[in-house]
Amino acid sequence: MGLALALAASACFGFGFEDVAKRAKALADKPYQPPESNTTPRLRNLEYEQYAQIQYRMDHAVWRDEGLPFNLSFFHEGMHYTSSVQMNIVDGDQVHRIAFDPDDFHYGDLKLDKADLDQLGFAGLKIHFPINDPDNIDDEIMVFQGASYFRVIGRDQIYGLSGRGLAIDTETPSGEEFPDFREFWIEKPAPDAESLTIHALLDSPSATGAYRFVLTPGDDSVVDVKSRVFLRKPVAKLGIAPLTSMFLYGPSQPAEQANYRPAIHDSNGLLMHGADAGWTWRPLVNPAGVEDNDYAVQSLEGFGLLQRSHDFHDYQDLVDRYDRRPSAWVEPTNDWGPGSVELLELHTPNETYDNIAAFWRPDNVASPGEPMEFDYRIHWTRQESKLLDPRLAWVDQTRRYPGEVRRDDLVRQPDGSIGFVVDFTGGEAAGKSPPQPRIETGDNGELVESRLMPNTAEGGWRLKLRVKRDDTAKPLELRARLQDEDGQPLSETWFYRLPADG
């Protein structure tokens with residue numbers, strides 16, 4: 001089991017990121033070889049609930065009995081995870097390959113022949129740390145599974161949105177390419193280690209890459225990422241630090257049918273910060289079709305898909321607990337140059353599909369074979385306000401409703417407009433004389449009414465506005481912020497994009 005069944009150790013001298021980078025460069029200089037699919041039809045045809053019965057035996061977890069702060073377990077091949085990922089442990093100056101052994105897994109009620117399990121490998125990696133209970137060393141805090149996807153949680157969080165190593169040709173005529181993490185090297189931690197280092201080799205028809213992830217668990221877990229990417233051939237679109245999430249409905253876009261749950265989403269907005277562009281909050285939508293937008297930023301300070309409410313009453317879901325799902329905030333730690341944050345929103349009929357993606361798209365992409373380095377830190381947090389400029393108010397919530405007017409007899413009557421309530425909270429605006437709202441409706445709309453009032457119930461400021469769209473077949477873009485009498489911003493910019501026919 002575990003390392004006891006590992007292949008013979010190979011000598012190395014301080015194996016690290018540069019070793020993975022050399023492999024990535026060598027791969028990029030060769031034609032692409034797709035991973036072999038060694039999964040049997042029986043395993044490939046498993047339904048989700050059947051596949052979920054296959055679980056690694058935690059008493060076989062790597063390092064579990066060594067008194068270390070972290071231990072490892074693994075995913076089994078099956079369903080759409082049909083190729084193996086090589087796993088290695090870096091222990092001092094030795095690298096050990098971890099061999100697959102079906103005896104390390106429970107198979108539940110599945111009736112699998114021995115032939116179904118021969119020649120298999122691992123489909124992914126789980127990292128465990130006592131994040132919630134110091135006596136529970138089997139708490140899962142990070143997983144890698146499927147292409148280059150990974151998820152992370154901090155204390156009292158549950159998995160929600162995902163990160164990815166790289167996005168290629170997302171929403172292009174040629175179709176999206178999904179690079180794979182093909183091999184991992186996990187450094188054995190010291191008994192008093194506060195972080196864990198994971199190296200990964202990425203491969204795809206168009207690119208290769210070397211990655212180093214340094215995971216530091218906590219109330220908000222942090223992952224420091226170092227990456228070096230090599231193109232095999234030019235690509236139409238290169239996406240750096242991609243985030244993938246789900247938005248079905250919420251107060252900013254209410255459900256079409258009545259539901260006891262007021263909101264269903266892993267994230268409800270995209271936050272962007274540029275040294276030149278300031279702070280912008282873009283509420284997410286579930287469009288009827290596809291919305292693909294990019295926002296130019298000359299000097300990126302950060303971007304992220306955020307879950308801005310963590311109040312159970314805003315979700316009312318005792319099973320999926322959307323209130324406990326974290327936000328992910330990406331901060332570059334080297335110079336990424338000019339580029340844009342791209343946001344892709346697809347239609348989803350239910351909460352089982354990830355329909356939201358956001359990533360950085362650099363203006364300058366190296367020629368094939370030349371290295372590109374993108375280093376960054378990802379915060380997985382439920383304390384989003386601490387990431388913001390403390391001087392500025394932020395958008396606490398957006399509520400959309402059919403616009404209406406109050407008649408002389410006090411009856412409310414729809415007037416064909418679209419109404420929004422935007423609540424700003426925090427920042428210096430809370431202690432100022434009334435700020436001034438600055439509102440822009442773009443070239444496809446008309447501002448019918450706006451009113452800014454103190455939020456006497458919860459503090460901050462409430463902006464109510466009604467707009468009419470000129471052409472429903474075209475999107476409507478709305479922007480609003482609070483500012484002082486000199487025009488200086490007192491809040492982030494609220495930017496709502498109503499899709500065509502939405």
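Treat the numbers as computed from the prediction; the structure is a model and nothing was measured. No hydrogens, no waters, no symmetry mates; every other heavy atom, side chains included, goes into these values.
A distance of 6.0 Å or more separates the ring centres of Trp329 and Phe303. Between Tyr81 and Tyr51, the gap from one ring centroid to the other is short of 6.0 Å. Phe374 has its ring centre no less than 6.0 Å from the ring centre of Trp360. Between Phe17 and Tyr211, the distance separating the two ring centers is not shorter than 6.0 angstrom. Two rings, from Tyr315 and His265, have their centers less than 6.0 Å apart. Aromatic pair Phe144/Tyr149: ring centres not closer than 6.0 Å.
Side-chain atoms of His273 never come within 3.5 Å of backbone atoms of Gly302 as a donor-acceptor pair (strictly under, hydrogens ignored). With hydrogens and angles ignored, the 3.5 Å screen pairs a side-chain donor or acceptor of Ser204 with a backbone N or O of Ala207. At distances below 3.5 Å, at least one donor-acceptor pair connects side-chain atoms of Asp335 with backbone N or O atoms of Gly337. With hydrogens and angles disregarded, a donor-acceptor distance shorter than 3.5 Å links the side chain of Thr333 to the backbone of Tyr376. A donor-acceptor distance shorter than 3.5 angstrom exists from the side chain of Arg469 to the backbone of Lys474, with no hydrogens or angles considered. Glu177 places a side-chain N or O within 3.5 Å of a backbone atom of Ser206 that can act as its donor or acceptor partner. Looking at Asp224, its side chain never comes within 3.5 Å of a backbone N or O of Arg377 through a donor-acceptor pair. The backbone N or O of Tyr322 lies less than 3.5 Å from no partner atom in the side chain of Asp320, so there is not a single donor-acceptor pair. Checking side-chain atoms of Asp180 against main-chain N and O of Arg182 turns up no donor-acceptor pair under 3.5 Å. Side-chain atoms of His347 come within 3.5 Å of backbone N or O of Pro287 as a donor-acceptor pair.
Here Glu18 does not pair with Lys226 in a salt bridge; the nearest charged N to carboxylate O distance is not below 4.0 Å. A salt bridge links Arg391 with Asp389: the distance from a Lys NZ or Arg NE/NH1/NH2 to an Asp or Glu carboxylate oxygen falls below 4.0 Å. The pair Arg382-Asp219 does not count as a salt bridge, with every side-chain nitrogen at least 4.0 angstrom from each carboxylate oxygen. A salt bridge is absent between Arg23 and Asp19: the closest approach of a Lys/Arg side-chain nitrogen to an acidic carboxylate oxygen does not fall below 4.0 angstrom. Between Glu342 and Lys237 there is a salt bridge, since a side-chain N of the basic residue sits under 4.0 Å from a carboxylate O of the acidic one.
Taking CG of Leu270 as the reference point, atom CG of Leu344 lies at 12.0 Å (rounded to 0.5 Å). If you take CZ on Arg479 and CD1 on Ile439, they are separated by 13.5 Å, rounding to the nearest 0.5 Å. Annotation: the span from Leu120 atom CG to His76 atom NE2 amounts to 5.5 Å, rounded to 0.5 Å. Here the OG1 atom belonging to Thr244 is positioned 11.0 Å from the CG atom belonging to Asp266, to the nearest 0.5 angstrom. Note that the CG atom of Asp354 and the CZ atom of Phe247 stand 14.0 Å from one another [nearest 0.5 Å]. Here the CD-CG distance, from Glu440 to Leu478, works out to 10.0 Å after rounding to the nearest 0.5 Å.
Side-chain polar atoms of Thr425 and Asp396 form no donor-acceptor pair below 3.5 angstrom. When only modelled atom types and interatomic distance are considered, Ser174 and Thr172 share a side-chain donor-acceptor pair under 3.5 Å. Of the N and O atoms on the side chains of Thr398 and Ser252, not one donor lies less than 3.5 Å from an acceptor on the other residue. For the 3.5 Å distance criterion, the side chains of Arg481 and Thr493 fail to qualify, holding no donor opposite an acceptor. With 3.5 Å as the limit, one finds a donor-acceptor pair spanning the side chains of Tyr295 and Arg282. No hydrogens or angles considered: a donor-acceptor pair under 3.5 Å links the side chains of Ser327 and Glu384. Tyr496 and Glu477 are not linked by any side-chain donor-acceptor pair at a separation below 3.5 angstrom, with hydrogens and angles left out of the test. Donor-acceptor pairing under 3.5 Å is lacking for the side chains of Asn38 and Gln119. Residues Glu183 and Asn88 bring a donor and an acceptor atom of their side chains to less than 3.5 Å of each other. Side-chain contact of Thr39 with Glu77: a donor-acceptor pair under 3.5 Å is present, judged by distance alone.
Exactly one of Leu201, Ile89, Ile198 qualifies for a side-chain contact (heavy atoms from CB on, under 4.5 Å) with Trp185. That residue is Leu201. Of the residues Val235, Thr208, Ile240, the one that meets the side-chain contact (heavy atoms from CB on, under 4.5 Å) test with Leu166 is Ile240. Of the options Asp292, Leu284, Asn355, a side-chain contact (heavy atoms from CB on, under 4.5 Å) to Glu345 is made by Leu284 and by none of the others.
Using a 4.5 Å cut-off on side-chain heavy atoms (C-beta onward), Trp63 and Lys188 make contact. Side-chain contact between Leu72 and Ile186: present, with at least one pair of heavy atoms (C-beta onward) separated by less than 4.5 Å. Residues Leu125 and Val143 form no side-chain contact, since every pair of their non-hydrogen atoms from C-beta on lies 4.5 Å or further apart. Contact check for Ser195 versus Leu215: no side-chain heavy atoms found under the 4.5 Å cut-off. By the 4.5 Å heavy-atom criterion applied to side chains, Arg497 and Asn293 are counted as neighbours. At a threshold of 4.5 Å between non-hydrogen side-chain atoms, the residues Leu482 and Arg438 do not count as touching. Contact of the Lys25 side chain with the Asp29 side chain is registered, since non-hydrogen atoms from C-beta on lie closer than 4.5 Å.
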Next on the checklist: I'd like to know whether Val152 forms a side chain to side chain contact (heavy atoms under 4.5 Å, CB included) with Val222, so could you lay out the CA-CA distance, the side-chain angles of the two residues, the decisive distance to 0.1 Å, and finally the verdict.
Outcome noted: CA-CA 9 Å; Val152 181; Val222 173; over 6 Å; no
Item to check | Criterion ring-ring contact (aromatic ring centres under 6.0 Å, His included) on Phe424 and Trp394, from CA distance to verdict | outcome: CA-CA 5 Å; Phe424 293 91; Trp394 65 91; over 10 Å; no
Item to check | Worked check of side chain to side chain contact (heavy atoms under 4.5 Å, CB included) between Met372 and Phe230 | outcome: CA-CA 7 Å; Met372 293 177 284; Phe230 303 88; over 6 Å; no
Checklist entry - Would Arg321 and Asp323 count as a side chain to side chain contact (heavy atoms under 4.5 Å, CB included) if you check the C-alpha gap in whole Å, the side-chain angles of each, and the deciding distance to 0.1 Å? => result CA-CA 5 Å; Arg321 295 303 303 270; Asp323 57 300; 2.8 Å; yes
Item to check | Candidate pair Phe150 and Phe213, rule ring-ring contact (aromatic ring centres under 6.0 Å, His included), full reasoning | outcome: CA-CA 11 Å; Phe150 59 94; Phe213 301 89; 5.2 Å; yes
Next on the checklist: side chain to side chain contact (heavy atoms under 4.5 Å, CB included), that's the test. Do Asp220 and Gln157 meet it? Break it down for me.
Outcome noted: CA-CA 9 Å; Asp220 296 337; Gln157 301 173 11; 3.8 Å; yes
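Taking the ring axis of Trp281 as reference, the NZ or CZ atom of Arg308 stays within 45° of it and closer than 6.0 Å to the ring centre. For the pair Lys126 and Phe75, the distance from NZ or CZ to the six-membered ring centre is under 6.0 Å and the angle to the ring normal is within 45 degrees.
Residues Leu243 and Ala328 approach most closely at CD1-O, 3.8 Å, considering heavy atoms.
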